[in-house]
Amino acid sequence: MAPGHRHGSVPPVVLLLLVATVLGSLCLSLTASPEAQKGYNFRFARHARDAPLVSYYNYIVVGGGTAGCPLAATLSERSRVLLLERGGLPYGNRNVSSEYHFADALADTSPRSPAQRFVSEDGVVNARARVLGGGSCLNAGFYTRASSGYVRAAGWDPRLVNASYRWVERELVFRPDVPRWQCALREGLLQAGVTPDNGYTLEHVQGTKIGGTIFDRAGRRHTAADFLRRAHPRRLTLFLRATVSQILFRRTGTSKTDTTKGTATPVAYGVVFTDPAGVRHHVYLRGGAKSEVIVTAGTLGSPQLLMLSGVGPRGELEKHGILPVLDQPRVGQGVADNPMNSVFVPSPVPVALSLVQIVGVSRFGTFIEGVSGSQFGIPLHGRAASRRARSFGMFSPMTGQLGTVPPKERTPEAMRRAAEAMRRLDRRAFRGGFILEKILGPMSTGHVALRSADPDANPAVTFNYFQDPRDVERCVRGIETIERVVRSRAFARFTYANVTAMEAAVLGRRAGHLPVNLLPRRATDTRPLQQYCRETVMTIWHYHGGCHVGAVVDQDYRVLGVRGLRVVDSSTFKYSPGTNPQATLERRTDEK
């Protein structure tokens, strides 16, 4: 049970939020223990096709992701809870469970993939989770707390926050074994001026540090789904492959089927979900002041579901034939994705596999991290030794990451050509690692809008990357810092002295066809860094917003203008709290 939970009362939503989201956004990867790989014998988990056509519960939690799983488990201590997840189990899928196949889940675009790909209106390829455990099944393994200033600005009780952090850290967090490449990155950051040296710490502090990891020594992943083993097995029901299409509303004093008459406040009283055969199932709240529908469907899914249910901008709803329940123009607004720009640094010596372990927290609003090793084109181990890695890592065209052409030019054909070019290269071309920078905030925001009334379809998302000049300036300073790191004495072992040496030793005549951005930069690349930032932008999967606190939900995450409904996930936050948002849902430290 989550710390701070009072028996017989609704658990503190803020505390559960912290506990839930300690597991990740799309940059976190957790390790499945042998018990987890067997599914923990989840007797309460069923396929949606086996669900009754009508059922009743105290709480209905929509979305079995990083927030929904621990929330449902804790609520089940004292109440009957239904958890609805549109994906399947994470167990038994090596693309989810293994560090060595981490990027293959992002590269899988099949209908049953745990990652559902989408392309923002900006042209940047992205992904959203479609699996029990949510983003914690897809992420890259770095753990850090939010800063104390962030916690104060959010109005959270620091004692409960720290208690929840410690609870999760006992369960999930490991100190990583830092390989030489990551050690060189750490020393290079310090020599580049990202100081002080904070050693190993889970705190979010300025300077360079080693953070926690949620991969164990065997390279296995824990996911938010693992927290369901703490659920009460007779009070929790989980339906998989259950796509929720509508939240049901009635108005106080009217019948349950009347959503149009009267002027009283709308009250959520249930949901409708569909199984893979297209059969509709109705679930109703049992009644009582504490019965609620709680939406934990993520930055895209939560505002999408509110709009599909009639809560959103009236014009947007009517355009898709949806009867408005509440004209709420701020649903879907203020969505943001932290811009990420990465460079590949070829190495003259072999480099061990590592995901994010080191972070440089700068004074100017940029965070610098790195990933390295054999996943980037060199065979892995065992039976894989005779063939190349399938995805070539998290920053490859196979996973939708193509920074060598501007976003609007990243067509499926461009992705295919880049992937073929990567496969033809000598494996030495991908001996090295990526160093990336992520922007604090960001200040630039966009919106989510419906494409259709189909709950399975991705909504239209616009992030407006680098619309605010402050984001551009932060990116420029971040790239300049990376350049200093690569030129530092500490990093000399893992980089070539200049472009000529690098191309002669590694790339040869195919240098111009390498589908990644390089450091040292090619002599022909004379773009100003402002232009470079805009044209090479990619995602680090930390998108957030769309149901902001104070705009769509109140301080207790209750949806404004209706009763019996909360949203508890990354859609409620305006800004990212820091380097990696798995320990806290995303929100800036100096503004609610």
Side-chain angles (χ1 to χ4, degrees), residues 142 144 176-201 205-211 340-373 376 393 395 403 428-440 473-507 514 516-523 525 527-529 532-533 536 540 579-580:
F142 189 77
T144 181
D177 292 328
V178 182
R180 291 183 178 180
W181 189 93
Q182 292 280 353
C183 289
L185 174 61
R186 177 189 178 192
E187 294 300 319
L189 283 165
L190 293 170
Q191 291 178 12
V194 186
T195 56
D197 182 355
N198 295 305
Y200 171 73
T201 179
V205 288
Q206 183 179 294
T208 295
K209 73 168 189 173
I210 303 169
M340 186 274 292
N341 300 78
S342 72
V343 293
F344 185 74
V345 185
S347 172
V349 296
V351 175
L353 173 68
S354 66
L355 295 177
V356 178
Q357 297 178 345
I358 306 296
V359 63
V361 179
S362 75
R363 295 175 174 86
F364 46 82
T366 298
F367 310 121
I368 298 171
E369 305 170 347
V371 294
S372 70
F376 308 108
F395 301 131
R428 290 180 303 161
F430 283 89
R431 187 166 63 185
F434 285 89
I435 304 178
L436 62 97
E437 57 86 26
K438 166 196 166 180
I439 301 303
L440 172 70
E473 179 59 26
R474 286 172 173 172
C475 176
V476 167
R477 297 188 69 177
I479 296 296
E480 290 172 342
T481 302
I482 292 175
E483 289 176 334
R484 292 198 299 273
V485 170
V486 175
R487 293 196 303 265
S488 68
R489 295 189 306 276
F491 211 76
R493 170 181 170 84
F494 296 106
T495 188
Y496 289 89
N498 52 58
V499 173
T500 302
M502 176 182 66
E503 292 187 351
V506 178
L507 305 177
L514 191 66
V516 293
N517 294 301
L518 296 173
L519 273 184
R521 290 173 68 182
R522 298 172 181 134
D525 190 352
R527 289 173 291 179
L529 285 181
Y532 181 89
C533 286
T536 67
I540 199 168
T579 55
N580 299 66

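Keep in mind that what you see is a predicted model, and the values were worked out from it rather than measured.
Without hydrogens or angle criteria, E437 side chain to I482 main chain gives no donor-acceptor distance under 3.5 Å. Although no hydrogens or angles enter the test, the distance criterion places a donor-acceptor pair under 3.5 Å between the side chain of T366 and the main chain of R474. Side-chain N or O atoms of D197 include none that pairs as donor or acceptor with a backbone N or O of G207 at under 3.5 Å. The closest donor-acceptor contact from the side chain of Q182 to the backbone of L355 lies under 3.5 Å. Checked by atom type and distance alone, the side chain of S372 pairs as donor or acceptor with a backbone atom of A352 at under 3.5 Å. With R431 contributing its side chain and P348 its backbone, the two residues share a donor-acceptor pair below 3.5 Å. T208 places a side-chain N or O within donor-acceptor distance of the main-chain N or O of V194, the cut-off being under 3.5 Å. At distances below 3.5 Å, at least one donor-acceptor pair connects side-chain atoms of N341 with backbone N or O atoms of C533.
Separation of atoms OG1 (T195) and CD (Q206) is listed at 7.5 Å; rounding is to 0.5 Å. Between atom CD of residue E369 and atom CG of residue L185 there is a gap of 9.5 Å, rounded to the nearest 0.5 Å. Between the CD1 atom in I439 and the CZ atom in F364 there is a gap of 9.0 Å [rounded to 0.5 Å]. To the nearest 0.5 Å, atom CD of residue E187 and atom CZ of residue R489 are 10.0 Å apart. In this structure, the separation between CD1 on I368 and CG on L189 is 5.5 Å, given to the nearest 0.5 Å.
Closest heavy-atom contact between S354 and P179: CB-CG, 3.8 Å. Residue F344 comes nearest to F434 through the heavy atom pair CD1-CE1, 3.5 Å, listed as atom of the first residue, atom of the second, then distance. Here the closest heavy-atom approach between residue P176 and residue Q357 is recorded as CB-NE2, 3.8 Å. Taking all atoms of both residues into account, the shortest heavy-atom contact from A192 to V485 is CB-CG2, 3.8 Å.
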Trace of the side-chain contact (heavy atoms from CB on, under 4.5 Å) decision for F494 with V345 | CA-CA 8 Å; F494 296 106; V345 185; over 6 Å; no
Please test V361 against K209 for side-chain contact (heavy atoms from CB on, under 4.5 Å), starting from the C-alpha separation and ending with a verdict.
-> CA-CA 8 Å; V361 179; K209 73 168 189 173; 5.7 Å; no
In sequence, state the C-alpha distance, the side-chain angles, and the governing distance for Y532 and V343, and then conclude on side-chain contact (heavy atoms from CB on, under 4.5 Å).
-> CA-CA 11 Å; Y532 181 89; V343 293; 3.4 Å; yes
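V178 is not listed as a side-chain neighbour of Y200, based on a closest heavy-atom distance of 4.5 Å or more. Side-chain contact between I435 and F491: present, with at least one pair of heavy atoms (C-beta onward) separated by less than 4.5 Å.
Other residues, nucleotides and ligands contribute over 12 non-hydrogen atoms within 6.0 Å of the CZ atom of R527.
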